[in-house]
Each structure stands twice: as C-alpha cells, then as structure tokens.
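Below: one structure, written as structure tokens.
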Amino acid sequence: MPTLTPPRPTEEVDLRTPAAATEQRPPGVVTPQQHPLWLSALLHVLPGALLAVFIVAVTPLIRSWGLDPLFALLFGIGLVSAPFQLGYLALQAKRATGSWSPLGAVDYREPIPLRRAIALAAVPALFMVVLVALSMAFTDERLATSLFGWLPHAITDMAVVADTGPAISTAAAVALVVAFVLFNGIVGPIAEELYFRGHLLARIDRLGWAAPLLGTVMFAIYHFHTPWRYPAILLGFLPIAWLAWHKRSFRVSLAAHLLVNNIFILMMLAAFLNGEA
C-alpha cells in the first residue's frame, strides 16, 4: 500500500515573505523587530520638531539675557531632543530587557575596537566637515533668507547668528564654548547615534541598502532648525549611515559624529581666540 511522504522542510517556501526581507544575511545575524515606515518617519522627525519649537519659544528670553541665541539650540539639545531620544530608548529597553539602560534598545552594536571605528569614520567625517563648511560659507545665509525667510527669526537667525547675535562678554563666550562641548560635542552626538543609527536604522533593516538612504533623508529632515543645510546633511551623513548599516554598529557612526561636531567646536574656539588676540 503506498504511503504518503510529507514534504521535506527544505522544500517549503514562505510566499508571504516580501522579497526585501529575504535578503541573505551572515550566519547568526537576526533582523531586529521592524517598524512600519510611518512609525519610523514619526520617530525620526518628532524630536527635531520639538527642538525647533523650543528654540522659537526660548530665543526671545535668551536674547533678553544678553546671551548668544545659539544658547537656545544648546539648551534645547540638553533639555528636549537628547532626553526624548534617550528616554524613548530607555522605555523600549525596559519593555524588552527589564533594564532602563538605553543600550538595551540598541540593535546595531556589533563590537568594533575604538581604533578601527575611528579609522573607518575618519574619511566620511572629513567629507561631512567639508560639505558643512562650504554650506556655512556660501549657501546657509542665502537659502535662509530666500527659501526659508518665512520661518520664525529664531530659526533663520541660526544661519547668520554671528552677525545678528548680541555682543557678549568673555565670560559668556567661554560659557558658550563649554555648552557647545557638552551638548553639541558629547551629549547630542551620543544620544542621536544611539537613537537614529543604533535603534531606528536597525528597525528598517528589511529595506537592505535603501535603509541607510531613507534613514539619512529622515535624519536630515529632523534638523528643522537648519533646513537650509539639508543637502549637506544628506550628502555628508549618507556614507556615515551606510557604514553603521554595513557594520551593524553605531560605534562607527558615533566616532564620525563626534569627530565632525568637535572639529567645528575647535574651529569656533580658534576663531574666538583669534578675535581676542
């Protein structure tokens, strides 16, 4: 009597799986839980929108204190965007691991030695520095006053803050440099890389090579406070995001981000010291 032989497991095909999600990965690599695109877009832009609202709200107060309006941006990083990003990661980590550590929600955290991370990040970071420097020198003010002149002055003045900000004392200038180092040189880059590359980029991992492209577009839009710099951010950060995706590690993009921001801080400090000489 003939017997029915069940099909071998290797012959089974899941026709429900989208082609983008069937991309072959190295052995042992697991695709993190994925976000729908609408949720990814919302999580990308929401902290930037909140930061822009904060800047518009507090800039008049900052000016009334006789401080450079850039303090509104720096306070916004420390009080709004970074706490939002780290707080979101902490909540996700608590749900997934029971720990409040934001690292518990970071999926792209393959261990890469510090020297290796810096070596990989150096060229993309310098490329980003060049693009942003060119944007600051040639297009920021022009675009801010033409294409984005309809935005509140608290935003557009960011493009010409050196000309529109009030004269400040040496003590206030030193405080500005310290705030830049703390919030724009350390806290901001760490929070953003854990959030954007470590967590959100991994959650659209199913898109393959399109994931870092889409993630960088949304990361550029996140900078509502400097929309005239979208082209420089998009072109400059794409190689950095691609490295994070390719290496599955936020450490590479963090090294690049820290290099970029702190190079500009050193340039600002050099300009300040030169002006004092």
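Only heavy atoms go into these numbers, but all of them, side chains included; no hydrogens, no water, no symmetry mates.
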Any chance you could lay out the ring pair (Phe, Tyr, Trp, His ring centres under 6.0 Å) test for His199 and Tyr108, step after step, and finish with the verdict?
CA-CA 7 Å; His199 180 78; Tyr108 278 177; over 10 Å; no
Check the pair Ile62, Phe75 against side-chain contact (heavy atoms from CB on, under 4.5 Å), reporting the backbone distance first and the verdict last.
CA-CA 10 Å; Ile62 296 294; Phe75 291 159; 3.8 Å; yes
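The two atoms that bring Phe224 and Ala49 nearest to each other are CD1-N, 3.3 Å, heavy atoms only. When all heavy atoms of Ala202 and Gly198 are compared, the pair lying nearest together is CB-O, 4.0 Å. Contact between Ala211 and Ile204 at its shortest, heavy atoms only, is CB-O, 3.3 Å. In terms of heavy-atom proximity, Ala255 sits nearest to Ala117 at CB-O, 4.0 Å. Closest approach of His35 and Leu39 over heavy atoms only: CD2-CD2, 3.7 Å.
Using a 30° and 60° split on the angle between ring planes, His225 and His223 fall in the tilted class, from 30° to 60°. Ring pair Trp245/Trp242 is tilted by interplanar angle, where 30° to 60° counts as tilted.
Within the 4.5 Å cutoff, the side chain of Pro69 has heavy atoms near those of the Arg63 side chain. Leu176 has its side chain within reach of Leu74: a pair of non-hydrogen atoms, C-beta onward, lies under 4.5 Å apart. Using a 4.5 Å cut-off on side-chain heavy atoms (C-beta onward), Val260 and Val132 make no contact. Between Phe196 and Gln85 there is a side-chain heavy-atom pair separated by less than 4.5 Å. A heavy-atom distance below 4.5 Å is found between the side chains of Leu207 and Leu214. Proximity of Leu201 to Phe219: side-chain heavy atoms (C-beta onward) are nowhere separated by under 4.5 Å. Contact annotation: the side chain of Trp65 never approaches that of Phe71 to less than 4.5 Å [non-hydrogen atoms, C-beta and beyond]. Within the 4.5 Å cutoff, the side chain of Trp228 has no heavy atoms near those of the Thr139 side chain.
Residues satisfying the side chain to side chain contact (heavy atoms under 4.5 Å, CB included) test with Ile265, not counting sequence neighbours, are Phe180, Val181, Asn262. Val178 meets the side chain to side chain contact (heavy atoms under 4.5 Å, CB included) test with Val174; sequence neighbours excluded. Every residue two or more places apart in sequence or in another chain that forms a side chain to side chain contact (heavy atoms under 4.5 Å, CB included) with Val106 is listed here: Leu103, Arg109, Leu194, Phe250.
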Identify all side-chain donor-acceptor contacts of residues 182-193 below 3.5 Å with residues at least two apart in sequence or on another chain.
residue, atom, partner, partner atom, Å
Glu192, OE1, His257, NE2, 3.4
Glu192, OE2, Tyr222, OH, 2.7
Glu193, OE1, Arg197, NE, 2.9
Glu193, OE1, Ser253, OG, 2.7
Glu193, OE2, Arg197, NH2, 2.7
Glu193, OE2, His257, ND1, 2.6

Could you pull out every donor-acceptor pair under 3.5 Å between side chains of residues 51-61 and any protein atom, sequence neighbours left out?
residue, atom, partner, partner atom, Å
Thr59, OG1, Ile55, O, 2.6

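The main-chain N or O of Glu141 is found under 3.5 Å from a side-chain atom of Thr145 such that the two form a donor-acceptor pair. Judged purely by atom type and a 3.5 angstrom limit, Gln33 has no side-chain atom pairing as donor or acceptor with the backbone of Arg203.
Contact check on Asp107 versus Arg248 returns no salt bridge, with no Lys/Arg side-chain nitrogen under 4.0 Å from an Asp/Glu carboxylate oxygen.
The NE2 atom of His246 sits 9.0 Å away from the CG atom of Leu120 when rounded to the nearest 0.5 Å. To the nearest 0.5 angstrom, Ser135 atom OG is 7.0 Å from Leu143 atom CG. Remark: Phe84 CZ to Leu89 CG distance equals 9.5 Å, nearest 0.5 Å.
Residue pairs that meet the salt bridge (Lys or Arg N to Asp or Glu O under 4.0 Å) test with at least one member in residues 218-239, sequence neighbours left out, are Asp140-Arg229.
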